[in-house]
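Here the structure comes first, spelled out in structure tokens, and everything after it is commentary.
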Amino acid sequence: MYTHLEPDGDAIGSSLAMYFFLKSIGKDVRFIKPYKTPNSVLGFPGMENTYSLDKFDPSRVAILLDASSLKRIGKPYEELFSKYEHSFIIDHHHGPYFDSDIYVDTTASATAVLVFDVMEKMDCRVSSVVATYLYLALHYDTGGFYYTNTNKKCLQTAGKLIELGADMNLVMQYYERDANSIAKMGFLLSRLKASDGISWLPISYNDYVEFSLEPDVTKGLIEWLRRIKDCKVSIVFREDQPGKVKMSFRGKNTGKLHLIAEHFGGGGHPEASGAIIEGKFDEIVDLVLLYTKKEVFGD
């Protein structure tokens, strides 16, 4: 099983749910992750059984969750994945997808909804641990059932997961941070900017070094920008490596943030997307703001 780099709550939750579900029906399953485990899930059940390296065996079945692009898997697996004899994708992002069997629904609130669909169709028992991880994934991708992607099926699925014993305490642990991290988040947020319907927060490589920033500190910041009144688009720029700028976009009824992200080599959803650009930090910030303003507001 694979998911995307810098896995978020939906990626981690859907993957661990599928991992424990397959194990419960007697399958030999491996969760392959060529990235550092996020601090927010280090102590979660199942994370101790994930693998950063594994002997490649193309006869095994490969499953990719919550990603459409091979580049999102990370090296060296982005080259290996297409060599599996059997593979399929479960996802709710807009494509394009590479050659594989797919189960995709872009109207789904989270990949977790589709993973639960599969489990229901298999008519096998869903444990409380599986229900907990699926609930975490749903909760994360809907902002705690706050975003506009929250729909009837999402809420019905959440209700079923609660009936199956989803553990709310474990779900809330995903969002907890130590006091020092919260203080750093507050300082960074004090530097946000907002103008002409766009809010943004630039975090340069110098900031990462000066404040010893960890990815878990900067990931949730975009959700605070999204709440700023009269701002239709929010962007966080993160240069966690010199010259490599990661951008997170969030919107309110723009319908086109995935297109903006695709323009810069990324992808995602109409109101939540991301991309990575290499270059000079300040120039990238100015370029992306100018392009976004033109695409969303026609200026």
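Residue numbers count from 1 along this sequence.
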Given side chain to side chain contact (heavy atoms under 4.5 Å, CB included), test Val236 with Leu192 step by step and report yes or no.
-> CA-CA 9 Å; Val236 171; Leu192 69 83; over 6 Å; no
Starting from the C-alpha separation in whole Å, work towards a yes-or-no answer on ring-ring contact (aromatic ring centres under 6.0 Å, His included) for His269 and His92.
-> CA-CA 9 Å; His269 306 284; His92 69 138; 4.4 Å; yes
Derivation of the side chain to side chain contact (heavy atoms under 4.5 Å, CB included) call for Tyr140 and Asp8 | CA-CA 8 Å; Tyr140 178 87; Asp8 55 22; 3.4 Å; yes
Go through the steps to decide whether Lys23 and Asp28 satisfy the test salt bridge (Lys or Arg N to Asp or Glu O under 4.0 Å), and finish with yes or no.
-> CA-CA 7 Å; Lys23 294 282 282 185; Asp28 177 17; 5.5 Å; no
Does the side chain to side chain contact (heavy atoms under 4.5 Å, CB included) test come out yes or no for Val296 and Ile260, once each step is laid out?
-> CA-CA 9 Å; Val296 175; Ile260 294 173; 3.8 Å; yes
Before giving the answer on ring-ring contact (aromatic ring centres under 6.0 Å, His included), spell out for Phe44 and Tyr19 the whole-Å C-alpha distance, their side-chain angles and the decisive distance to 0.1 Å.
-> CA-CA 13 Å; Phe44 277 29; Tyr19 171 85; over 10 Å; no
Residue pair Cys124, Phe21: steps toward the side chain to side chain contact (heavy atoms under 4.5 Å, CB included) verdict = CA-CA 9 Å; Cys124 297; Phe21 178 76; 3.8 Å; yes
With ring-ring contact (aromatic ring centres under 6.0 Å, His included) as the test, would you mind laying out the steps for Tyr291 and Phe264 before giving the verdict?
-> CA-CA 10 Å; Tyr291 184 82; Phe264 292 108; 5.3 Å; yes
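Contact annotation: the side chain of Met119 approaches that of Leu134 to within less than 4.5 Å [non-hydrogen atoms, C-beta and beyond]. At a threshold of 4.5 Å between non-hydrogen side-chain atoms, the residues Leu213 and Lys184 count as touching. Within the 4.5 Å cutoff, no side-chain heavy atoms of Phe88 are placed close to those of Ile102. Side-chain contact between Val288 and Met247 is present, with at least one heavy-atom pair separated by less than 4.5 Å. Considering only heavy atoms from C-beta on, Arg250 comes within 4.5 Å of Glu223 through its side chain. A heavy-atom distance below 4.5 Å is found between the side chains of Ile235 and Leu289. Considering only heavy atoms from C-beta on, Leu22 stays 4.5 Å or farther from Phe31 through its side chain. No side-chain heavy atom of Ile73 sits less than 4.5 Å from a side-chain heavy atom of Ile32.
Here the rule is side chain to side chain contact (heavy atoms under 4.5 Å, CB included) with Thr111, and of Ile89, Leu138, Asp66 only Asp66 fits it. Residue Val245 forms a side chain to side chain contact (heavy atoms under 4.5 Å, CB included) with just one option from Glu239, Glu283, Glu278, and that option is Glu239. With Lys153 as the partner, the side chain to side chain donor-acceptor pair (under 3.5 Å) test is satisfied by one option alone out of Thr107, Asp105, Asp117: Asp117.
A donor-acceptor contact under 3.5 angstrom links the side chains of Thr254 and Glu271, judged on distance only. Looking only at atom types and distance, the side chain of Ser234 has a donor-acceptor partner in the side chain of Ser199 under 3.5 Å away. Judged purely by distance below 3.5 Å, without hydrogens or angles, the side chains of Ser204 and Asn206 never pair a donor atom with an acceptor atom. Side chains of His139 and Tyr174: no donor on one and acceptor on the other come within 3.5 Å. Looking at Asp167 and Thr132, their side chains never bring a donor and an acceptor atom within 3.5 Å of each other. Side-chain contact of Ser87 with Ser100: a donor-acceptor pair under 3.5 Å is present, judged by distance alone.
For the pair Glu120 and Lys160, the salt-bridge criterion is met [side-chain N within less than 4.0 Å of a carboxylate O]. The pair Asp207-Arg191 meets the salt-bridge criterion, since a charged nitrogen lies less than 4.0 angstrom from a carboxylate oxygen.
Panel note: side chain Asn149, backbone Asp141; a donor-acceptor pair is recorded below 3.5 Å. Checking side-chain atoms of Ser273 against main-chain N and O of Leu257 turns up a donor-acceptor pair under 3.5 Å. A donor-acceptor pair is defined here as one N or O able to donate and one able to accept, closer than 3.5 Å; no such pair exists between the side chain of Lys280 and the backbone of Gly243. Looking only at distances, a side-chain donor or acceptor of Thr3 sits under 3.5 Å from a matching main-chain atom of Leu65. Checking side-chain atoms of Ser128 against main-chain N and O of Gly165 turns up no donor-acceptor pair under 3.5 Å.
Heavy-atom minimum distance, Tyr208 versus Ile203: CE1-CG2, 3.7 Å. Contact between Tyr84 and Asp57 at its shortest, heavy atoms only, is CE2-O, 3.3 Å. Smallest separation of non-hydrogen atoms from Cys154 and Thr150: SG-CG2, 4.2 Å. When all heavy atoms of Ala62 and Phe81 are compared, the closest pair comes out as CB-CE1, 3.6 Å. Contact record, Ala131 with Leu164: CB-CB, 3.8 Å, taken as the closest heavy-atom pair. Between Ser248 and Ile222, the shortest heavy-atom contact is O-CD1, 3.6 Å.
Using the six-membered ring where Trp is involved, Phe187 and Phe211 have ring planes that are tilted, between 30° and 60° apart.
Under the 4.5 Å side-chain heavy-atom criterion for ILVMFWY residues, no single connected hydrophobic cluster contains both Leu259 and Leu290. Under the 4.5 Å side-chain heavy-atom criterion for grouping Ile, Leu, Val, Met, Phe, Trp and Tyr, Trp200 is not connected to Tyr205 through any hydrophobic cluster. No path of Ile, Leu, Val, Met, Phe, Trp and Tyr side chains, each step under 4.5 Å between heavy atoms, connects Leu225 with Ile198, placing them in separate hydrophobic clusters. Under the 4.5 Å side-chain heavy-atom criterion for grouping Ile, Leu, Val, Met, Phe, Trp and Tyr, Leu201 is not connected to Ile277 through any hydrophobic cluster. Hydrophobic cluster membership is shared by Ile25 and Ile90, with clusters built from Ile, Leu, Val, Met, Phe, Trp and Tyr side chains linked at under 4.5 angstrom.
Trp224 carries Arg227 over the face of its six-membered ring, with the cationic atom under 6.0 Å from the centre and within 45° of the normal. Taking the ring axis of Phe281 as reference, the NZ or CZ atom of Arg238 does not stay both within 45° of it and closer than 6.0 Å to the ring centre.
Between the CZ atom in Arg30 and the CD1 atom in Ile63 there is a gap of 13.5 Å [rounded to 0.5 Å].
Ring centers of Phe145 and Tyr135: under 6.0 Å apart, within the cut-off.
Within 6.0 Å of NE2 in His86 there are 12 or fewer heavy atoms belonging to other residues, nucleotides or ligands. Residue Lys244 qualifies as open at atom NZ: its count of foreign heavy atoms under 6.0 Å is 12 or below. In the displayed structure, Lys252 atom NZ is contacted under 6.0 Å by more than 12 heavy atoms of other residues, nucleotides or ligands.
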